[in-house]
Every structure is written in C-alpha cells, then in structure tokens.
2 protein chains.
Amino acid sequence: MATEFTGTGDPARSMALLWRTAATSDRRPGPKSALDVDRIVAAAVTVADAEGLSAVSMRRVAADLGTAAMTLYGHVPGKGELVDLMLDSVLGELYPDRPPTGSWRARLEAVARENRALFLRHPWAVHLAAGRPPLGPHLMRKYELELRTVDGLGLSDVQMGLLVELLNGFVRGTVSGVQERATAEQAAGITEDRWWTAMAPHAARFFDVERFPTAARVGPVAGKDRQTAHAPERSFEFGLERLLDGIGVLILDASR
Amino acid sequence: MATEFTGTGDPARSMALLWRTAATSDRRPGPKSALDVDRIVAAAVTVADAEGLSAVSMRRVAADLGTAAMTLYGHVPGKGELVDLMLDSVLGELYPDRPPTGSWRARLEAVARENRALFLRHPWAVHLAAGRPPLGPHLMRKYELELRTVDGLGLSDVQMGLLVELLNGFVRGTVSGVQERATAEQAAGITEDRWWTAMAPHAARFFDVERFPTAARVGPVAGKDRQTAHAPERSFEFGLERLLDGIGVLILDASR
DNA sequence: GCCCATGTCCGTACGTCGTACGTCATTCGC
DNA sequence: GCGAATGACGTACGACGTACGGACATGGGC
C-alpha cells in the first residue's frame, strides 16, 4: 500500500478530474474507450457500499467492469484519486433539491439527519470525510448550503464555520461507531450479535463488579437490554438534542 | 490483508491476552523467550505513534525487536489481536491517578480533555476506539471512571451511558480530522501547509463566487486567516462549550 | 486511400502485506 | 544425560498497488 488514501499526485490533474474538466477528446486519434471516469467511480462506490472500502481494489473494480486492472489507469491516475472521486461523488447525494428550511433548529436538524443518512448509506465515506477533503464540486456545494443554514442568526463568520464543522464532526462521531463495527463485521465474517454472545461469557469472567460497580450497573456488558440502550439511533437522537440545546444558548446570546 | 483490524480468532484467547492471564510458563520445557507480549505491544505502539498505524506490520515490529516476523506469532495470535492490545494498552494512560473531580462541568471537561490529549498522543487510536472495542482491563477502567463523573446528577442509567458515549464521540469527531490529516501527511510526504498552497491556486480556478457566496465569505479556501479559523483546538473548544451548555440544560431539567 | 501519431488495453513483474507450514535448536523434568 | 516440548524463523502463497512496455485500434493530414 503505497499511497494509502487520497490523491497524492498532480493537484491540477486531481482538480480537473473532480470537476470533470476533461479534454472531452474532441476527436483525437486512437480507439474509443468503453470506460469513463463516471463508470469507474460508480463501480467502485457499488463495491464499497456492498463490501466496504477494503474490498475496493483496482483489480476488483476492473473485474466488475469486465476489464483488467491496468485499464483503469488510463482514466484515473491512481487509487488515491479514485477514492477522492468516490467521496465527492456521494456527497452529491446531499440536499437533492435545496438547502433545508424552517427554524434554525429545524434546519440544523435536517443537516445532521441528511449527513447521517448519507453516511449510513455509504459507511466507508465516514473516515474519508474526516480527513483532507477533495475540493470537488459536491463538497463545495455541501459546504455552501450548510453555511447558509446558519447565516443570518447574528453569528460571526468564524462562529458560522465552527458551527458547521461541529455539526459535521458530531455526525461523523456518532456514525463512525456503526461504521467501524460494520466494517469489522464483514472483515471478520461475524455479526455484532454473534460477537457479543460469543464474547459475553468470557468478558463476564474478567468483569469484576467490585472494581467496576458503576459500569456493572449502567454498562452494556452486564445489562440485559444492551441492545436497546446501545442503539445507535438513540445515541444520535440524544446527542443531537444536547447539541442543539447548546447551540441554542449561543444563538440566544448572539441575538441580544 | 486478511483480517483487517481487531482480533477475529478465539475470544477466550483474546480475553486471556488482554487481561494477561498467561500460563506464566511455570517451568515448562523449551527455550526461554526473549520476547513477551508487553514488549511486542510497546514496540508496535512506538511505531504507530511515529509513523502511523499503516507502518505497523508484523515484519516491521519484529525488525524493531531484532527478530523475525514469524517469531511474534508465538506470543500473539495475529495482527488483529495485536492491534486490540495496542488500543487497550494506551487506554491505560487515561486518568493516571483518580477520576476527575470538581463540578459536573469541570469533570466532564476534564474527561474530554484527557481523551483528546490521549488521541493526540496516539492518533492511530482514534478510529480503532470508534469500532468494536477490545474488552480489556484499561477500557473497563476508563468506562467505569467516566461513568462515575456523571453519577449522582439525577440522570437515569440510560442517560448516563448516553452522555459518556456522546462525550467520547465528540472527542473522536474533533480529533479524527487532525488525525486523518496527519496520516495523509506522512503517507503523501507532504505537509498540510504545502498541500494547501499547492492546491489553492487550482481550487481558486474552480471556485465560483457566484455559486458559493457564503462559502466565499466564510470558508477556509478564500479566507486569508485560514489557519487561525481552522485551528483544531478552536474547533474543540467551541464544540465543547456548546456541548456542555446543552448537557447543562439536561441536568437542570433532571434536577427539578 | 494511405501513414503514423495518438490513444487504449492489458500481460508481466516487483515489492509490499499477513500468515501457514515445517525445520531446527534450545532447555526443561526426570 | 536424555526425551520431549517449545521457541525461533526461512520459505512460500496469495492478496495488494502500480511501473513498464508491447499489441493494437483509430482518425487527421497528405
């Protein structure tokens, strides 16, 4: 694994790819390609959705497209750039019509829910989105629309940026647990439930109630209703409520 | 890469390793080993701290210990289990003396700051901690101590669990950006600054102020003081403030 | 209508990874 | 001392990303 993730090559080439500023081959000699960037990206996204990012290899994507691995390099400089393209591509699914409307609270809630839904659809996108982002058209659009939801509330520009970043970070944080677990599931070929039921008796052997009294009372290990208490949606709803309450305090302060 | 991350083998073996319930080799025949689990884990953590988790290979860790790759398999079932051990190991650095004290707000703030500091020391631990956790002694201790900081506030057990999870998720979310960027840096061999200055002119070519007016005003791409506005500590401080404000609302409700 | 520059396609190969297997050397209980 | 159990580790396999270069199709300029 040389380049890990994200494009590392020529920035100009990366940007041209992201914004699809191809030469569009205005009648050059040479055979027509059956492939194009969009088809490759779509195939890669399909693989990632179904089997996780680790299943996305150049060989695999090429095979799904009925071609050989090296064929892809004619359209995409490398895997890093392909991953960048994948991320920007799925970001285009956000806010299909227009930015969220309503009260500031409704708008921010909608932003959080749309982002969460996107990440649940494409779990592999979570930790990509946390890193150095590909400055593609869909990321730009997302950023613009999200900033608009916190515009005109009396906040400073810096506060607006921080707020959008906070909300995105929160969603990533709550989803990443689900995502990492899902990745582990298909990597290990064992579901969350099976893993817990396999691990629980062994955990119980080491779980000392005297050393961990509070965890024993509250925690998911001891509790019977582990599932319900640990349900990711509940974590999300709970956290969103707290976060919006806290943002409300800020906005109240700003408006007076 | 067969097992990706986290142990997938025998749960009993994993737990015995995590809790160091070794047979302690009470005089068995065969040669003495110069290695033990602790030395292997420590070496792996050192590599991960310095060069990222992707630099942690069995060959590399073995080389740093002056031995061959396969030697490690006598002490550790596989890489997944080693990673589990690494994570639980560094979690032991949290709350060196006792749990945080003071007001609920001071306690929660301390929890957030200690976790953040840990993740900044060991960036690779961030996305491991998000997944299926290794139920080792240090994770148990962390969970117990953090639950105690929200005990006795009039919250339900479920709310206590959710609160601890929320705080941890927030810290992970804010740190993961820093971490992913750092990983990308050493993978690409280019610093954040260099990347931005290399990318900025190309970004500007596609950045349409008419399409993205709000982003143009607020965003880090256009702004001169990108650095200061985007500083990760500022994001953390800002988010923590909002979060604690929101938690305050909940605690106020619970106490009346 | 032909030529060749400009493409695409892809087989091969190298160096990385995790780790299964088998051989060998060491060191204990007796 | 000696048999047996155990640690060390060389070799090998199949995955990975991708550099290289040959085979081949195509279209514009003449």
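Per chain, numbering begins at 1; letters A, B, ... match sequence-line order.
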Nearest listed nucleotide, side chain of Met58(A), among dC21(C), dG17(D), dC9(C): dG17(D)
Interatomic distance where OH belongs to Tyr73(A) and P belongs to dA19(D) [whole Å]: 7 Å
Euclidean distance, atom CD of residue Glu51(A) to atom P of dC16(D) [Å, nearest integer]: 11 Å
Given dG11(C), dG17(D), dT19(C), the nucleotide with the shortest approach to the side chain of Met70(B): dT19(C)
Touch class at under 4.0 angstrom, heavy-atom based, for Val76(A) against every strand present: nothing
Donor + acceptor pair across side chains of Glu93(B), His122(B) (<3.5 Å): yes
Donor-acceptor pair (no angle test) under 3.5 Å: Arg59(B) side chain, dT19(C) base: yes
Out of dC9(C), dG18(C), dT18(D), whichever nucleotide has its closest atom nearest the side chain of Ser57(B): dG18(C)
Qualifying residue, where the test is side chain to side chain contact (heavy atoms under 4.5 Å, CB included) with Phe119(B) and the options are Val90(B), Thr174(B), Val126(B): Val126(B)
Any donor-acceptor pair under 3.5 Å from Arg172(B) side chain to Arg116(B) backbone: no
Sugar-phosphate, base or nothing in reach of Ala62(A), heavy atoms under 4.0 Å: nothing
Interatomic distance, His75(A) NE2 vs dT8(C) P [rounded to whole Å]: 6 Å
Rounded distance in Å - CG (Leu82(A)) to P (dG17(D)): 10 Å
Gap between atoms CG and C1', on Leu72(B) and dG18(C) respectively (whole Å): 12 Å
Asp36(A) CG to dG7(C) P, straight-line distance once rounded to whole Å: 17 Å
Candidates dC10(C), dT19(C), dC9(D) - which lies nearest the side chain of Thr71(B): dC9(D)
Spacing of Arg60(B) atom CZ relative to dT16(C) atom C1', expressed in whole Å: 14 Å
Under 3.5 Å side-chain donor-acceptor pair for Asn168(B) and Tyr143(B): no
Leu18(A) and Arg13(A): CA distance, side-chain angles, deciding distance, side-chain contact (heavy atoms from CB on, under 4.5 Å) verdict: CA-CA 9 Å; Leu18(A) 282 164; Arg13(A) 177 83 196 276; over 6 Å; no
Nucleotide dA19(D), atom C1' - distance to NZ of Lys79(A) in whole Å: 18 Å
Along DNA chain C (nearest heavy atom to each residue), the more 5'-positioned of Ala69(A) and Pro77(B): Ala69(A)
